[in-house]
Protein chains: 2
Amino acid sequence: MATKPDVKPQMGRRGSAPQTRERILDLALELFTERGYDATSLRDIAERLGTTKAALYYHFARKEDILLELHLRLHGIGGEVLDQLDAMPDDAARAAAWPQLIDRVITQVAENRQLLLLHQRNQNALRALEDDERHQAANEDMEERFRRLLANPELPAETRMRMACSLFAAMGGIMAGGELLGDIDPEEQLGLVRKIVSGLFD
Amino acid sequence: MATKPDVKPQMGRRGSAPQTRERILDLALELFTERGYDATSLRDIAERLGTTKAALYYHFARKEDILLELHLRLHGIGGEVLDQLDAMPDDAARAAAWPQLIDRVITQVAENRQLLLLHQRNQNALRALEDDERHQAANEDMEERFRRLLANPELPAETRMRMACSLFAAMGGIMAGGELLGDIDPEEQLGLVRKIVSGLFD
DNA sequence: GTCTATATTTCGATAGAC
DNA sequence: GTCTATCGAAATATAGAC
């Protein structure tokens, strides 16, 4: 019940190998996104990292914990935007503020593209993680909170659908732009998405 | 090289157990979508189907083949729409016809929601399938053909981004509507999405 | 902190009876 | 067409030396 029952390695005193944990996470993020969590073995990670499976187990007790830590980074992303949402009196006010919210979401999505790719391509593994104990707290991820808002039956149907469509248009446009519109300047892409999506609220 | 090198069981003459293959596919579609292809073992499928792993291997030589067959159903969906696209002279004409195309896509998506969920939640497994021989033909799935069109650098950037955003808004709205807007009549949902997305082309 | 070696489990796939 | 039984490979995870 203590706050920190197991102290993690975190960082060694000197420059020994303090950032190994980070290197594992970065590589895992890359591999989990491009071939999927289930299809990525610890052996894959260890090999490409130039170490062994056992070394990974020094830093993470279970394979799940690697994905879990990446999931926590994901939680951090929407925090600012969602706290802003929670501060509003009711869902009607939230719906009214939607256009400004989408604008911030676009920024956040563009800045955290790879983490969102991880989420998008490993929805199943992440959901299994949430069902799997020791994860109750901080379970409030962006998706779930959006879901709750859109599910409110007291808002007009058209309002709700418009919120959903604009969210998908914004996220999809930014996410897909990276691969499909590679010849277009990223900043220009952001501007285009903002302009196009804003057209949904006239 | 023959057209049908291996004759599949298909259907037994009488009512013996002709639809076993279909039952496997239906259950696999359900399990693959809700827990993922990699996380679904043949034992899982066999158990919930009330049979054994070995029985599955009579109908499908490899686990991959089950996913492959479901993938083929997916190919069939967009065919009509995409043939219509191919019949046009150039990408500029295709871009001009985009609003009508989105309208048909909305219909198709709504009618094949679960298959599209399978695709969305198993992108990695499906991509691995395509790299994995004996799948060269019919490799023209909807996604790839859309991708090619949107990647054409000769179209104006805004046109391309508008196409992308409208596609995501339409697909996302329909797909998410099933879970988020369950209290709203599905037909009304379709109408709302059509109306909202059409606002992107004014 | 990282290694070698191994335990343990599970999965995909096969063999052969019925 | 379906079963029992089993093989072989690969994965997660652990033990213990350094």
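So you know, we letter chains A, B, ... as the sequences are listed, proteins then strands, and number each from 1.
- Residues passing the side chain to side chain donor-acceptor pair (under 3.5 Å) test with D26(A), sequence neighbours excluded: none.
- Q84(A) is linked by a side chain to side chain donor-acceptor pair (under 3.5 Å) to R104(A), counting only residues two or more places apart in sequence or in another chain.
- For T51(A), no side-chain nitrogen or oxygen approaches OP1 or OP2 of dG1(C) to under 4.0 Å.
- In terms of the side chain to side chain contact (heavy atoms under 4.5 Å, CB included) criterion, residue partners of E47(A) (sequence neighbours excluded) are, by chain and number, R43(A).
- Counting to the nearest Å, the C1' atom of dG1(C) and the CZ atom of R23(A) are 13 Å from each other.
- Straight-line distance from the NE2 atom of H59(B) to the C1' atom of dC3(D): 13 Å, rounded to whole Å.
- By the 4.0 Å N-to-carboxylate-O rule, E22(B) lies close enough to R73(B) to be salt-bridged with it.
- Atom-to-atom, CG of D65(B) to P of dG12(C) comes out at 13 Å; the value is rounded to the nearest Å.
- Every residue meeting the side chain to side chain contact (heavy atoms under 4.5 Å, CB included) condition with L42(A), not counting sequence neighbours, appears here in chain and number order: I45(A), K53(A), L56(A), Y57(A), K63(A), I66(A).
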Expected string for nucleotides 4-18 of chain D under the B/S/- scheme (protein heavy atoms, under 4.0 Å, primed atoms plus P, OP1, OP2 as sugar-phosphate) is B------SBBBB---

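- Sorted by first and then second residue, the ring-ring contact (aromatic ring centres under 6.0 Å, His included) pairs involving residues 144-173 of chain B (not counting sequence neighbours) are W98(B)-F146(B).
- The side chain of Y58(A) places an N or O atom within less than 4.0 Å of a non-bridging phosphate oxygen (OP1 or OP2) of dG1(C).
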